[in-house]
**Q** 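Sharing a structure with you now.
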Amino acid sequence: MHKETEIKLRVSRETLAALREHPLLKKRNKSGWSRHELLNQYFDTPERDLAQARVALRLRKDGEDVIQTLKTRGQSVAGLSERNEFEWPLAKAKLDLKKLDDSCWPADLAELDKKTIKPLFTTDFVREKAEIAWGRGKAKVVIEAALDLGKVTAGKLSEEICELELELREGDPAALLELAHELAASLPLMPCDISKAERGYRLLAPASYTLAVPAPTLEADQPLDDAFTSIAWHLLGSSQRLAEQYRHTGQWRLLQDWVQQLIELRALLGSLGQAAPRPTTHDLRTELDALLEDWRPLLDAGQDDEDIRAAAPEQFIEELTDPRWGHFSLSLSRWLLARSWTVERANRGNRQGQAALANWLATFLKEETSALKLERYEMQPEDLAEQLPRIERVQVWLRHARQVLAVEETDRLYGELNKLHTLACLPVSDDVLQPRADQAAVVSRTRAWKALSR
């Protein structure tokens, strides 16, 4: 058994070809590219018991070699995944159930009748791989770069495989993100933690691809730095899965949710004050602003225009031919992994970053709610849109951390503030102004708002 640490990056055929000749990979390529035709059969029960337990079982034929592989439940953070992997060389291409004993088989599948495991789908592709190695400080890094081109086939359905996999062989996992980030500066690489097995299951049952990323568990006494990191990882991971599924299905609601994750990330990055000094977030905010400048107006325009909604999937495919989405995703991943906002920040920023979440959040919300002055917008509702950034900063923290506040009716406040935000996003018209004024009054009179703004 060994631990597999890798990052998957969806690419186009043109990018796949460009990667072979990329100067960075050519410089660090210690083995040259070798070509392998990999034929893979995946197995599960008719009820998909292995998939539900997040287990993947396959037979792989690589030339004359046959390998049985079991990948068990792991973790994935924004495309960087870790899983335990068990491999057994076999004499022939037939599943050996005896290998699946207690030393590797998950406990929650202990009662499963393994004889019900049957072939389900295939993932056949050509892999060109090379050993990429370099010195990182005093340590050595070795990464296997794999260029995969082929298809997933489930019955009569199929989907193209075209991706770059970077798997860590030696060194710090951060080096995977560093290499991917450097490549993404000039090439469109889409971080994507959907495995080839997940693609097969998605062909068989489109709803099987889980968009939900587990929400972070936040505690009142945990440091602000830790809470911020958890929320940011969650939003980034969600945005990547939404982008993957929207690319696949073109469902308008998925694009709406993707943009919402970007809005929340932007609000989060702008909320920490001296705990995350503005110079440390400048590049990330700039990249996010560029994405939102294009996609937020399109989303607003598409609410009542079917033609815009119908054209959006093609525009999104065009977006993915530009490096900026992948570059931002990898930039944020590296920034979060290294906790770059904490480097060389002032003592006051350090104190804020280490403050208990509940204490910091109460102070933050008091400052923001007091600055909003909602009573003004009861009289001047036409100006409410100018407060959207502040409303969104309050929203993102209420969404993810309101449970740590010792304040009544925070759920109601969050719901009412969402309604106000929706109205603030609408173009000014006679039909909007009075509802804005009325909703500002509703929010400002909630018990939670009064308690937080004291």
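In this chain, residues are counted from 1 in sequence order.
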**Q** Could you check whether any side-chain heavy atom of L19 comes within less than 4.5 Å of a side-chain heavy atom of L187, counting everything from C-beta outward?
**A** yes

**Q** Angle between ring planes, W258 versus W295, binned at 30° and 60°: parallel, tilted or perpendicular?
**A** perpendicular

**Q** Output, in order, the C-alpha distance, side-chain angles, deciding distance and verdict of salt bridge (Lys or Arg N to Asp or Glu O under 4.0 Å) for K61 and D124.
**A** CA-CA 10 Å; K61 192 166 187 279; D124 298 337; over 6 Å; no

**Q** Working to the nearest 0.5 Å, report the span between CG of L147 and CZ of R20.
**A** 6.0 Å

**Q** Go through it in stages, so that I can follow the logic: the residues are R296 and C425, the test is side-chain contact (heavy atoms from CB on, under 4.5 Å), and I'd like the CA-CA distance, side-chain angles, deciding distance and then a yes or no.
**A** CA-CA 10 Å; R296 195 165 186 172; C425 290; 4.0 Å; yes

**Q** Taking it one step at a time, do R253 and D257 satisfy salt bridge (Lys or Arg N to Asp or Glu O under 4.0 Å)?
**A** CA-CA 6 Å; R253 181 63 200 176; D257 291 343; 3.2 Å; yes

**Q** Tell me whether E111 at atom CD has more than 12 heavy atoms from other residues, nucleotides or ligands lying less than 6.0 Å away.
**A** no

**Q** Is there a donor-acceptor contact under 3.5 Å from the side chain of R402 to the main chain of R399?
**A** yes

**Q** Heavy atoms, side chains only, cut-off 4.5 Å: are W134 and L179 in contact?
**A** yes

**Q** Can you establish whether the number of heavy atoms outside E160 located under 6.0 Å from its atom CD is more than 12?
**A** yes

**Q** Is the side chain of E368 donor-acceptor paired with the backbone N or O of S271 at a distance under 3.5 Å, no angle test?
**A** no

**Q** Mark yes or no for whether Q68, through its side chain, and P89, through its backbone, hold a donor-acceptor pair below 3.5 Å.
**A** no

**Q** I would like to know whether Q303 and W252 meet side-chain contact (heavy atoms from CB on, under 4.5 Å); could you show each step before the answer?
**A** CA-CA 10 Å; Q303 294 298 95; W252 177 252; 3.5 Å; yes

**Q** Just checking D102: does its CG atom have more than 12 heavy atoms from other residues, nucleotides or ligands closer to it than 6.0 angstrom?
**A** no

**Q** Does this structure show an ion pair linking D289 with R285, if we count only N-O contacts that are shorter than 4.0 Å?
**A** no

**Q** Where is the tightest heavy-atom contact between L164 and A145, given as atom of each residue plus distance?
**A** CD1-CB, 4.4 Å

**Q** Between E293 and R266, is there a side-chain N and carboxylate O pair less than 4.0 Å apart?
**A** no

**Q** Going by heavy atoms in the side chains, are L218 and I231 under 4.5 Å from each other?
**A** yes

**Q** Would you check if the side chain of N84 reaches a backbone N or O of K71 as a donor-acceptor pair within less than 3.5 Å?
**A** no

**Q** Using a strict 4.0 Å threshold on nitrogen-to-oxygen distance, state whether R324 and E319 make a salt bridge.
**A** yes

**Q** Restricting to non-hydrogen atoms, name the atom on P191 and the atom on S329 that form the minimum distance, rounded to 0.1 Å.
**A** CG-CB, 3.8 Å

**Q** Any heavy-atom pair between the side chains of V396 and H400 that's under 4.5 Å?
**A** yes

**Q** In plain terms, say whether E128 and R35 are close enough for a salt bridge, that is, a side-chain N and a carboxylate O under 4.0 Å apart.
**A** no

**Q** Do the side chain of T249 and the main chain of Q251 share a donor and acceptor less than 3.5 angstrom apart?
**A** yes

**Q** Closer than 3.5 angstrom, by distance alone: can the side chain of E198 be matched with the main-chain N or O of S195 as a donor-acceptor pair?
**A** yes

**Q** With sequence neighbours left out, write down each residue that passes side-chain contact (heavy atoms from CB on, under 4.5 Å) with I317, or none if nothing qualifies.
**A** R247

**Q** Does a sphere of radius 6.0 Å around CD in E170 hold more than 12 heavy atoms from other residues, nucleotides or ligands, not counting ones at 6.0 Å or beyond?
**A** yes

**Q** Within the distance-only criterion (no hydrogens, no angle test), does the side chain of D322 pair as donor or acceptor with the backbone N or O of P188 below 3.5 angstrom?
**A** no

**Q** Are side-chain heavy atoms of W325 and Q240 found at a separation under 4.5 Å?
**A** yes

**Q** Do L25 and L183 have side chains that get closer than 4.5 Å, going by heavy atoms?
**A** yes

**Q** So do S238 and V213 actually touch side chain to side chain, heavy atoms under 4.5 Å?
**A** yes

**Q** Test F328 against L332 for side-chain contact (heavy atoms from CB on, under 4.5 Å), laying out the working first.
**A** CA-CA 6 Å; F328 165 73; L332 183 53; 3.9 Å; yes

**Q** Might you confirm whether atom NZ of K30 has over 12 heavy atoms from other residues, nucleotides or ligands at distances under 6.0 Å?
**A** yes

**Q** Judged by atom type as modelled, is there a donor-acceptor pair below 3.5 Å linking the side chain of D44 to the main-chain atoms of L50?
**A** yes

**Q** So, for L166 and L9, which heavy atoms are closest and what is the spacing to 0.1 Å?
**A** CD1-CD1, 4.2 Å

**Q** Could you check whether any side-chain N or O of E392 sits under 3.5 Å from a backbone N or O of I263, counting only pairs where one atom can act as donor and the other as acceptor?
**A** no

**Q** Hey, mind stepping through I194 and R202 against side-chain contact (heavy atoms from CB on, under 4.5 Å) and telling me if it holds?
**A** CA-CA 10 Å; I194 183 172; R202 185 171 64 179; 3.7 Å; yes

**Q** Do you know the tightest heavy-atom contact between G200 and V152?
**A** CA-CG1, 3.5 Å

**Q** For the atom pair CG (L177) and CG (L168), what is the distance rounded to the nearest 0.5 Å?
**A** 10.5 Å

**Q** Looking at side-chain heavy atoms only, is the closest gap between L109 and L100 below 4.5 Å?
**A** no

**Q** How many angstroms lie between atom OG1 of T15 and atom NE2 of H22, to the nearest 0.5 angstrom?
**A** 10.5 Å

**Q** Report the C-alpha distance between R10 and E244 in whole Å, list the side-chain angles of each, state the deciding distance to 0.1 Å, and finish with yes or no for salt bridge (Lys or Arg N to Asp or Glu O under 4.0 Å).
**A** CA-CA 9 Å; R10 182 185 286 280; E244 161 61 28; 3.0 Å; yes

**Q** Working to the nearest 0.5 Å, report the span between NZ of K92 and CG of L90.
**A** 10.0 Å

**Q** Please identify each residue that fulfils salt bridge (charged side-chain N to carboxylate O under 4.0 Å, His left out) with E163, with sequence neighbours left out.
**A** K196, R199

**Q** Mind checking the CG-CG spacing from L288 to L262? Nearest 0.5 Å is all I need.
**A** 6.0 Å

**Q** Shortest non-hydrogen contact from W449 to V443?
**A** CB-O, 3.2 Å

**Q** Determine the minimum heavy-atom distance between W88 and K99, stating which atoms define it.
**A** CZ2-O, 3.5 Å

**Q** To the nearest 0.5 angstrom, please state how far the CG atom of L298 sits from the CG atom of D294.
**A** 9.0 Å

**Q** Keeping the roles fixed (side chain from H36, backbone from L38), state whether a donor-acceptor pair exists under 3.5 Å.
**A** no

**Q** Identify whether the distance between the nearest side-chain nitrogen and carboxylate oxygen of K114 and D49 falls below 4.0 Å.
**A** no

